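Working notes, structure below.
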Amino acid sequence: MTALVIAEHDHTGLKAATLHTISAALACCAEVHVLVAGAACADAAAAAAGIRGVAKVLLADAQHLATGAENLAEQILALAAGYSHILAPATACGKSVLPRVAARLDVAQISEASRVCTPDTFERPVYAGNVVATVQSADAIKVLTVRTTSFEPAAGGGDAVVEAVAPAANRGRSTLLSRQTVSSGRPELSGAGIVVAGGRGLGSAENFKLLDPLADRLGAAIGASRAAVDAGFVPNDWQVGQTGKIVAPRLYIAVGISGAIQHLAGMKESKTIVAINKDPEAPIFAVADYGIVGDLFEIVPQMVAALA
Ligand SMILES: Cc1cc2nc3c(=O)[nH]c(=O)nc-3n(C[C@H](O)[C@H](O)[C@H](O)COP(=O)(O)OP(=O)(O)OC[C@H]3O[C@@H](n4cnc5c(N)ncnc54)[C@H](O)[C@@H]3O)c2cc1C
């Protein structure tokens, strides 16, 4: 049995989600290959070759492979016959590409696998993480998206071979017109070691900036509840939760967030949770390791001053 991991990369290096997915793949199969598909992405392939446990890196390099899910799915399908497992992180990219692959292979995708029990049996959270389903796949090729926070990142120290593969034909169904990259200077939310998250309790976009100095002092990413996003305080890619990003940092500081079940679904695996809320009955305190009952507009500046 051999697993194929679909790498997420920025052409020069791997995204952290790929490292977690490689660990999941190693729990399925003794032999793991990584597909790096894109344009001018040899450096990302070299980075994949340096991951421990990876036996081979397949490099598919062509301009049209950087343009969207259709062509990437085509590339995976061209290689699929040689694999027992195909895995991608359950990120926006993985969730767009793998269902296309599963449909074309006529297999049932296993979404958000959080544990590999055996090579054909997996656990996955359902009902916003309140139930863990154990699912067994009888399909010849298992197609899985992986809940990255449930697997440790694979370490470096590998020395895999990089093999160029023929790029699959361009399906021509989508064209990349432009790419806008927002650089905040902060760690990427999904992989950050510390997250400071704000909720509706902050009251406005202007007030949300109160979290900046706290995040700066801690070197943290900033996240938000859906209520804060829906109110327009912050962009929607900051949302943590069932319909946002899943995070599991070392430290999660929830500021003015009530702790609705859909929010907890995205952060309750955090190692240490600190909650600041003026309502002592707020559900967030049920999952918090440390709780501060009080007005966030007084407490956050005090924390910033203490950290200085
Ligand atoms: C299908 C579905 C999917 C969803 N997906 C998500 C998701 O992915 N992520 C998500 O977050 N939500 C999600 N939600 C919404 C979720 O149900 C809640 O509505 C949302 O999480 C509430 O956000 P909040 O905690 O910021 O706001 P509220 O629930 O309004 O809480 C605000 C908190 O701030 C506190 N507060 C107010 N002022 C202060 C102050 N001065 N000092 C200290 N504390 C203060 C209040 O006591 C309160 O606890 C989803 C809902 C549905 C139905």
Side-chain angles (χ1 to χ4, degrees), residues 17 89-96 111-112 114 124-133 145 147-150 188-192 194-215 218 220-249 251-270 273-307:
T91 53
C93 177
K95 288 194 264 192
S96 172
S111 301
E112 303 247 3
S114 56
R124 56 181 299 265
V126 293
Y127 302 126
N130 285 318
V131 174
V132 176
T145 60
R147 179 164 284 210
T148 54
T149 53
S150 300
E188 204 266 316
L189 179 56
S190 303
I194 303 178
V195 172
V196 175
R200 191 175 358 227
L202 279 142
S204 69
E206 192 55 33
N207 289 348
F208 211 94
K209 295 190 182 120
L210 186 74
L211 302 186
D212 286 348
L214 182 58
L218 294 168
I222 300 189
S225 70
R226 178 162 159 180
V229 168
D230 287 351
F233 300 172
V234 290
N236 64 4
D237 60 339
W238 290 21
Q239 185 180 317
V240 172
Q242 184 186 341
T243 44
K245 292 197 169 133
I246 309 289
V247 301
L251 174 63
Y252 188 90
I253 305 181
V255 183
I257 292 177
S258 60
I261 187 172
Q262 296 90 354
H263 187 80
L264 301 186
M267 47 62 75
K268 68 181 176 196
E269 304 299 328
S270 305
I273 297 171
V274 175
I276 303 167
N277 199 301
K278 67 180 182 186
D279 174 8
E281 303 297 325
I284 191 77
F285 288 126
V287 298
D289 299 283
Y290 300 94
I292 306 172
V293 179
D295 186 344
L296 68 90
F297 295 102
E298 293 170 12
I299 291 163
V300 172
Q302 285 172 18
M303 287 173 85
V304 173
L307 286 165

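For the numbers below, each heavy atom of this structure counts, side chains included, while hydrogens, waters and symmetry mates do not. Fair warning: this is a prediction, and the values are worked out from it, not measured in the lab. Start at 1 and go down the list; that is how both ligands and their atoms are numbered.
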Discussion item. Only heavy atoms of V240, strictly under 4.0 Å: list the atoms of ligand 1 that pass.
Written reply: 7 (C), 8 (O), 9 (N), 10 (C), 11 (O)
Practice prompt. Return the option from V229, I257, T243, N207 holding the heavy atom at the smallest distance from atom 6 (C) of ligand 1.
Written response: T243
Worksheet item: Under 3.5 Å, is there a donor-acceptor pair between the side chain of R124 and the main chain of S111?
Response: yes
Fill in: Nearest-0.5 Å distance, CG of residue L296 to CE of residue M303
11.0 Å
Item to complete: Could you find the nearest protein heavy atom to atom 48 (C) of ligand 1 and give me its residue, atom name and distance?
Response: N277 ND2, 3.7 Å
Practice prompt. Indicate yes or no: does an N/O atom of I276 lie under 3.5 Å from an N/O atom of ligand 1?
Written response: no
Practice prompt. Number the atoms of ligand 1 from 1 as they appear, then name those within less than 4.0 Å of a heavy atom of F297, with their elements.
Written response: 41 (N)
Worksheet item: At a 4.0 Å threshold, what atoms of ligand 1 neighbour a non-hydrogen atom of D279?
Response: 47 (O)
Practice prompt. Return a yes/no value: protein heavy atom under 4.0 Å from atom 19 (O) of ligand 1?
Written response: no
Discussion item. Using a 4.0 Å heavy-atom cut-off, which part of I284 comes near ligand 1: side chain, backbone, both, or neither?
Written reply: neither
Item to complete: Report, in ascending order of atom number, the atoms of ligand 1 lying under 4.0 Å from any heavy atom of G199.
Response: 26 (O)
Item to complete: Without swapping roles, check the side chain of D295 against the backbone of K278 for a donor-acceptor pair under 3.5 Å.
Response: no
Practice prompt. With the side chain counted from C-beta on, respond yes when L211 and L202 share a heavy-atom pair under 4.5 Å apart, and no when they do not.
Written response: yes
Worksheet item: Can you list the atoms of ligand 1 that are under 4.0 Å from a heavy atom of S225?
Response: 11 (O), 23 (O), 24 (P), 26 (O)
Worksheet item: Of the choices G294, A282, A260, A128, which has the non-hydrogen atom that lies closest to atom 21 (O) of ligand 1?
Response: A260
Discussion item. Quick test of your reading of the structure: of K245, R226, Q242, M267, whose heavy atom lies closest to atom 4 (C) of ligand 1?
Written reply: R226
Practice prompt. Before signing off on this row, confirm whether A224 and ligand 1 have an N or O atom pair separated by under 3.5 Å.
Written response: no
Item to complete: With heavy atoms of A227 as the reference, note each atom of ligand 1 found under 4.0 Å away.
Response: 22 (C), 23 (O), 24 (P), 26 (O), 27 (O)
Worksheet item: Can you tell which of E281, Q239, H263, Q262 gets a heavy atom nearest to atom 53 (C) of ligand 1?
Response: Q262
